[in-house]
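Before any comments, here is the structure.
On a predicted model such as this, the values are computed, not experimentally measured, just so you know. Note that the numbering runs from 1 along the sequence shown for the chain.
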Amino acid sequence: MSVLRVGNASGFYGDRFSAWREMLDGGELDVLTGDYLAELTMLILGRDRMRDPALGYAKTFLRQLEGCLGTALDRGVRLVTNAGGLNPAGLAAAIGALADRLGLRVRIGYVEGDALARPDALTANAYLGAFGIAACLDAGADVVVTGRVTDASLAVGPAIARFGWTRDDLDALAGATVAGHLIECGAQVTGGNFSFFTELPDGGHRPGFPIAELHPDGSAVLTKYPGTGGAVTIETVTAQLLYEVGGPAYLGPDVVTRLDTVRLSPDGPDRIRVSGVRGTPPPDTLKVGVNNLGGFRNSMTFVLCGLDIPAKAALIRGQLEEAVGPAGLEFVLARTDHPDATDTEAASALLHVHLRDGDRARAGRAFSAAAVELALASYPGCTLTTPPGDATPYGVFTADAVRQDAVAHVAVLPDGIRVPIAPPVRTAAPPADEPAAGVTGGQPHIGPTRRGPLGELVGARSGDKGGDANLGVWARTDATWTWLRDWLTVARLAELLPETAPLTVERYELPNLRAVNFVIRGLLGQGVAASTRFDPQAKALGELLRSRLVDLPADLAPEVPS
């Protein structure tokens, strides 16, 4: 019942190729996980499978494994990954063939049942839990491959197998879920994409990948190998904890994790203890992610230099609507120009023109050629950033739910035996977390203020969930939290980020983290693959907020992180 050391070597399909080798060579581990799946990734894998039914998994993982499978076996490090995507059985077979070619004996288990029969969908996958992974490990698997499980399940499954947890160990499952969520995005918890990256020991140049030391009660210590870049601090952990979450009740297939119970405390250099996490029974449904092809799209960007920028943009709009028709056209004017600039780039704005259509021909050369044909027949100084191009297909993501007992969650053990994983017997309706309006306690700040960017006092992290975005904002000190909690309301957010004003915005408080989290419904439209937004995954939304000039309390000078 000793500590279980779980590392992570991939946060997305395309993450640092060498990370598997770095983590296996860097120190002691019991399990090494790799997260490859996201909503957009499932669309990419779906299109791969359309071309070749034998594909549908993350091919990169096989190439990474070729150089380090032997090392993992020699050191007794078990590998758990969702790189199976839409075809976990296919990836398991490919790993077996790789092992044969390398002269290695490896026991491989895989988890399936997430793929749902939806004839009208390109992909439809339920988010499975961790007990199938645990069953494969209990049967002696050296490598476990899954399809669409929740990201945190990659760490929760090994903890279930090590500590013998049952479905009734809700607090332990919740604690491991937090640990899994913290390491699932790789270097994001060790200083990657961190608001205060300039304060990191290496300036954020090459953060190491994370390790969670899990304990039998579900508590954990987040850390990294000594000598690797980045840092593990209260704030780097807070930032990742706020990533792509909603209300305090974090729904999962095995447990509902109460994020408002998480406590973070220092445990030494680059070591943060995560404790106190409480869990409640899961819902009787599983989230289902559905991808469909939505049609075709194309984009062209005009450079508008100097005077009369709005009039130039209006001229292009009229000309293109006349040439190809207005249906499906979208015009976005980015005022990147500066008055009295001394060079062309600084004096120029960008007009992004997007076209989405079910007709590939109209969205393709018919559109882009019409744009290029305006080069000598439009506004003065007309130029574009790209030559004409063809349309590309885009996807639309939606989410719904299916009853847990309607999904055939199966663990396929290394000897080929198929073990059905029963759904939880004890379930509960999802908790109804009430959004907090703001000004929930204390008094508004009274005293002198100074003008400055909000980011002097707070950090932020933002991300996407289908067509919605989340924006987590944390205070660096207790005094700043008292101010932030009362000051940053939904109405204030609408003032600072006007694009949120017409949308439904939910605001949740997490006092243990000195943080507020906003869920912005519909900001990303039909999801990342369909979005024409400049920041389609809302990754930079938090940094935009931090850059806004506001009246800061003068007595809350920037302080070093805790």
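Pairing each heavy atom of Arg450 with each of Leu556, the nearest pair is NH2-O, 3.7 Å. Residues Leu241 and Val262 share a closest heavy-atom pair of CD2-CG1, 3.7 Å. Annotation for Val458 and Phe196: closest pair O-CZ, 3.3 Å, computed over non-hydrogen atoms. Residue Pro201 comes nearest to Gly230 through the heavy atom pair CD-O, 3.7 Å, listed as atom of the first residue, atom of the second, then distance. Closest non-hydrogen pair, Leu457 versus Pro553, comes out as CD1-CD, 4.3 Å. Between Leu524 and Asp535 the shortest heavy-atom distance is CD2-O, 4.3 Å.
Counted by atom type alone, Gln188 and Asn193 present one or more donor-acceptor pairs between their side chains at under 3.5 Å. Using modelled atom types, one finds no donor on one side chain facing an acceptor on the other under 3.5 Å when comparing Asp35 with Asn8. Residues Asn512 and Asp260 bring no donor and acceptor atom of their side chains to less than 3.5 Å of each other.
No more than 12 heavy atoms of other residues, nucleotides or ligands lie within 6.0 Å of CZ in Arg278, so this atom counts as exposed by the packing criterion. The local environment of CZ in Arg263 is sparse, with at most 12 non-hydrogen atoms from other residues, nucleotides or ligands closer than 6.0 Å. Atom CZ of Phe197 sits in a sparse spot, with 12 or fewer heavy atoms from other residues, nucleotides or ligands closer than 6.0 Å.
With Thr177 contributing its side chain and Leu173 its backbone, the two residues share a donor-acceptor pair below 3.5 Å. Of the possible donor and acceptor atoms, none in the side chain of Arg118 sits under 3.5 Å from a partner among the backbone N and O of Thr123. A donor-acceptor contact shorter than 3.5 Å is absent between the side chain of Thr236 and the backbone of Gly191. Side-chain atoms of Ser462 come within 3.5 Å of backbone atoms of Ala538 as a donor-acceptor pair (strictly under, hydrogens ignored). Remark: the backbone N or O of Pro435 is not paired with any side-chain donor or acceptor of Glu506 at under 3.5 angstrom. Counting only distance, with no hydrogens or angles, the side chain of Asp270 and the backbone of Val232 share a donor-acceptor pair below 3.5 Å. Of the possible donor and acceptor atoms, one in the side chain of Asp171 sits under 3.5 Å from a partner among the backbone N and O of Gly279. Listed for the Asp486 side chain is no donor-acceptor partner under 3.5 Å among the backbone atoms of Trp483. Using a distance-only test at 3.5 Å, with no hydrogens or angles considered, a donor-acceptor pair links the side chain of His181 to the main chain of Gln240. When atom types are taken as modelled, the side chain of Asn470 and the backbone of Leu242 share a donor-acceptor pair closer than 3.5 angstrom.
Summarising the geometry, atom CG belonging to Leu4 is positioned 5.0 Å from atom CZ belonging to Phe163; distances are rounded to the nearest 0.5 Å. Here the CE atom belonging to Met42 is positioned 11.0 Å from the CD1 atom belonging to Ile44, to the nearest 0.5 angstrom. Separating the CZ atom in Arg148 from the CG atom in Asn125 is a distance of 8.0 Å, to the nearest 0.5 Å. Distance check: Thr500 OG1 to Leu493 CG gives 4.0 Å after rounding to the nearest 0.5 Å. Atoms CG and CG, from Leu541 and Leu523 in turn, are 6.5 Å apart once rounded to the nearest 0.5 Å. Here Leu86 contributes atom CG and Glu112 contributes atom CD; the two are 13.0 Å apart, rounded to the nearest 0.5 Å.
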### Task
Could you walk me through whether Ile211 and Ile183 pass the side-chain contact (heavy atoms from CB on, under 4.5 Å) test, one step at a time?
CA-CA 7 Å; Ile211 300 165; Ile183 69 171; over 6 Å; no
### Query
After noting the C-alpha distance and the side-chain angles of Val221 and Ile272, does the key distance pass the side-chain contact (heavy atoms from CB on, under 4.5 Å) rule?
CA-CA 5 Å; Val221 172; Ile272 297 299; over 6 Å; no
### Message
Test salt bridge (charged side-chain N to carboxylate O under 4.0 Å, His left out) on Arg273 and Asp267; report intermediate values, then the result.
### Response
CA-CA 6 Å; Arg273 181 168 296 279; Asp267 193 65; 3.4 Å; yes
### Query
Could you go step by step and tell me if Glu543 and Ser195 meet the side-chain contact (heavy atoms from CB on, under 4.5 Å) rule?
CA-CA 7 Å; Glu543 288 304 292; Ser195 291; 3.1 Å; yes
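A salt bridge does not link Asp400 to Lys287: none of the charged side-chain nitrogens sits closer than 4.0 Å to a carboxylate oxygen. Between Glu499 and Arg533 there is a salt bridge, since at least one side-chain N of the basic residue sits less than 4.0 Å from a carboxylate O of the acidic one. Salt bridge annotation for Glu509-Arg485: absent, with no cationic side-chain nitrogen under 4.0 angstrom from a carboxylate oxygen. Salt bridge status for Lys539 with Glu244: present, with a side-chain N to carboxylate O gap under 4.0 Å. Salt-bridge annotation for Arg476 and Glu199: present, with a side-chain N of the basic residue lying under 4.0 Å from a carboxylate O of the acidic one.
Sorted pairs that involve residues 493-521 and meet ring pair (Phe, Tyr, Trp, His ring centres under 6.0 Å), not counting sequence neighbours, are lacking altogether. Among pairs with a residue in residues 4-14, those fulfilling salt bridge (Lys or Arg N to Asp or Glu O under 4.0 Å) read Arg5-Glu213, at least two apart in sequence or across chains.
Residues Arg492 and Trp487 are in side-chain contact: their nearest non-hydrogen atoms beyond the backbone lie under 4.5 Å apart. With a 4.5 Å cut-off on side-chain heavy atoms, Asp254 and Phe131 count as touching. In this structure the side chain of Pro283 reaches within 4.5 angstrom of the side chain of Pro430, judged on heavy atoms. No side-chain heavy atom of Tyr57 sits less than 4.5 Å from a side-chain heavy atom of Pro88.
Applying the side chain to side chain contact (heavy atoms under 4.5 Å, CB included) criterion to Pro424, with sequence neighbours excluded, gives Arg167, Pro282, Gln404, Thr427.
The aromatic rings of Phe61 and Tyr36 lie perpendicular to each other, with more than 60° between the two planes, well past the 30° mark.
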